[in-house]
Amino acid sequence: MIRVLVVEDQRALADALAIAIAAQPDLECGDAVGTVDEALREAARRPPAVVLMDIHLPGRDGIEGTRLLKAALPAARVVVLTADATPDQLRRAVAAGASAFLAKHSAFGDILTAIRTTAHGKLLVEGSALAAGPARGTGDRCGLTRREREVLALLAQGHGLKTIAERLVLSRHTVRGHVKSVLLKLGAHSQLEAVVTAIRLGILPGPNGG
């Protein structure tokens with residue numbers, strides 16, 4: 001069972017998410033909470049595998065909440081839900097340790113996919129959560145090789161190093177080297193940040209494939 005903690009200050013939405021998540025055969029969800037401090041207390045009492053974290057919360061915001069939760073529970077995955085994301089918010093959330101971004105109006109099925117995907121250690125970025133469109137024509141300036149772009153595209157699809165190595169018929173050591181090169185060239189500190197940056201630069205397609 002994947003234990004989920006919902007952190008959302010809109011009570012009706014929080015309760016609806018908690019009830020719907022708990023109805024899934026492979027997920028469990030206790031009481032939803034409305035602040036970061038409540039989330040920290042609940043996480044200490046019953047450590048979650050995945051946290052659904054709204055950005056806009058009373059007191060500490062969800063980005064600070066992500067940082068504090070990851071500091072307390074490094075293994076927990078945080079899925080950031082936002083109604084009006086900005087590129088700066090996304091960069092800050094990545095730096096805080098978020099594993100996924102979703103628009104708050106996402107279909108419930110997409111939220112379930114994010115929970116299950118991140119619980120198994122993969123990354124997820126839903127393009128519709130990006131408020132700013134990609135800056136076209138800037139990708140080539142990053143100097144990514146064809147192979148690095150292939151690796152980056154597979155990372156964006158949520159694949160791990162083992163799967164990427166198998167897909168591209170490379171050793172994991174070689175793939176790891178490509179990933180390090182991609183992070184360096186994009187100025188990213190994590191695989192997720194690299195994916196977000198690549199979408200914004202137009203290196204990877206946005207939500208509509210454009």
Side-chain angles (χ1 to χ4, degrees), residues 2-11 13-15 17-18 21 27-106 108 110-132 155-156 158 160 183 186-200:
I2 300 172
R3 180 174 295 163
V4 181
L5 173 62
V6 175
V7 188
E8 166 61 62
D9 65 323
Q10 295 182 29
R11 195 71 228 180
L13 175 58
D15 289 343
L17 282 170
I21 289 168
L27 306 179
E28 62 175 309
C29 187
D31 292 336
V33 298
T35 69
V36 169
D37 289 342
E38 289 174 326
L40 292 170
R41 288 194 293 270
E42 180 64 17
R45 187 174 71 87
R46 298 179 72 238
V50 178
V51 180
L52 288 183
M53 177 78 72
D54 185 21
I55 283 186
H56 299 294
L57 296 168
R60 307 177 200 263
D61 68 12
I63 296 175
E64 176 68 4
T66 297
R67 186 185 67 78
L68 293 171
L69 273 167
K70 291 293 291 183
L73 297 170
R77 306 291 178 175
V78 180
V79 176
V80 172
L81 295 174
T82 178
D84 56 350
T86 66
D88 180 63
Q89 284 178 332
L90 296 181
R91 282 192 293 270
R92 289 172 55 218
V94 167
S99 294
F101 297 111
L102 287 178
K104 208 168 185 179
H105 59 263
S106 296
F108 183 59
D110 293 336
I111 294 175
L112 292 178
T113 296
I115 291 170
R116 293 176 176 127
T117 298
T118 56
H120 290 95
K122 296 181 179 180
L123 307 174
L124 181 72
V125 180
E126 182 191 68
S128 62
L130 300 174
L155 285 175
L183 297 184
L186 294 181
H189 298 91
S190 69
Q191 294 175 19
L192 181 59
E193 186 177 0
V195 170
V196 172
T197 300
I199 291 172
R200 293 197 60 245

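Counting from 1, the numbers follow the sequence of the chain as shown.
Partners of E42 by salt bridge (charged side-chain N to carboxylate O under 4.0 Å, His left out), not counting sequence neighbours, listed by chain and number: R45. Among residues two or more places apart in sequence or in another chain, the side-chain contact (heavy atoms from CB on, under 4.5 Å) test is passed with P58 by D9, T35. The side-chain contact (heavy atoms from CB on, under 4.5 Å) check on R60 picks up V36, D37, E64, L68, with sequence neighbours excluded. Listed by chain and number, the residues in a side-chain contact (heavy atoms from CB on, under 4.5 Å) with A76 are L73 (sequence neighbours excluded). Taking A18 as the reference, C29, A32 meet the side-chain contact (heavy atoms from CB on, under 4.5 Å) condition, with sequence neighbours excluded. Take E28 and apply the salt bridge (charged side-chain N to carboxylate O under 4.0 Å, His left out) test, not counting sequence neighbours, and it matches R3, R46. Residues meeting the salt bridge (charged side-chain N to carboxylate O under 4.0 Å, His left out) test with D61, sequence neighbours left out: R92.
Looking at heavy atoms from C-beta onward, V6 lies out of side-chain contact with L13 at the 4.5 angstrom threshold. Between K70 and V78 there is a side-chain heavy-atom pair separated by less than 4.5 Å. Looking only at side-chain heavy atoms (C-beta outward), R41 and V33 stay at 4.5 Å or farther from each other. The side-chain heavy atoms of V7 and E38, taken from C-beta on, include no pair separated by under 4.5 Å.
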Step by step, work out the side-chain contact (heavy atoms from CB on, under 4.5 Å) result for L27 and R116. CA-CA 9 Å; L27 306 179; R116 293 176 176 127; 4.3 Å; yes
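Residue L17 holds its CG atom at 10.0 Å from CG of D54, rounded to the nearest 0.5 Å. I21 contributes atom CD1, which lies 9.5 Å from atom CG of L5 (distance to the nearest 0.5 angstrom). A distance of 10.0 Å separates CD of Q10 from CG of L57, quoted to the nearest 0.5 Å. L112 CG to T117 OG1: the interatomic distance, rounded to the nearest 0.5 Å, is 10.5 Å. Rounded to the nearest 0.5 angstrom, H56 NE2 and T82 OG1 are separated by 5.0 Å.
Shown here for L69 and A43, the closest heavy-atom pair between the two residues is CD2-CB, 3.6 Å. Residues L102 and A114 share a closest heavy-atom pair of CD1-CB, 3.5 Å. Nearest heavy-atom pair, A14 versus E8, reported as atom, atom and distance to 0.1 Å: CB-O, 3.6 Å. Among all heavy-atom pairs drawn from A49 and I2, the shortest one is CB-CG2, 4.0 Å.
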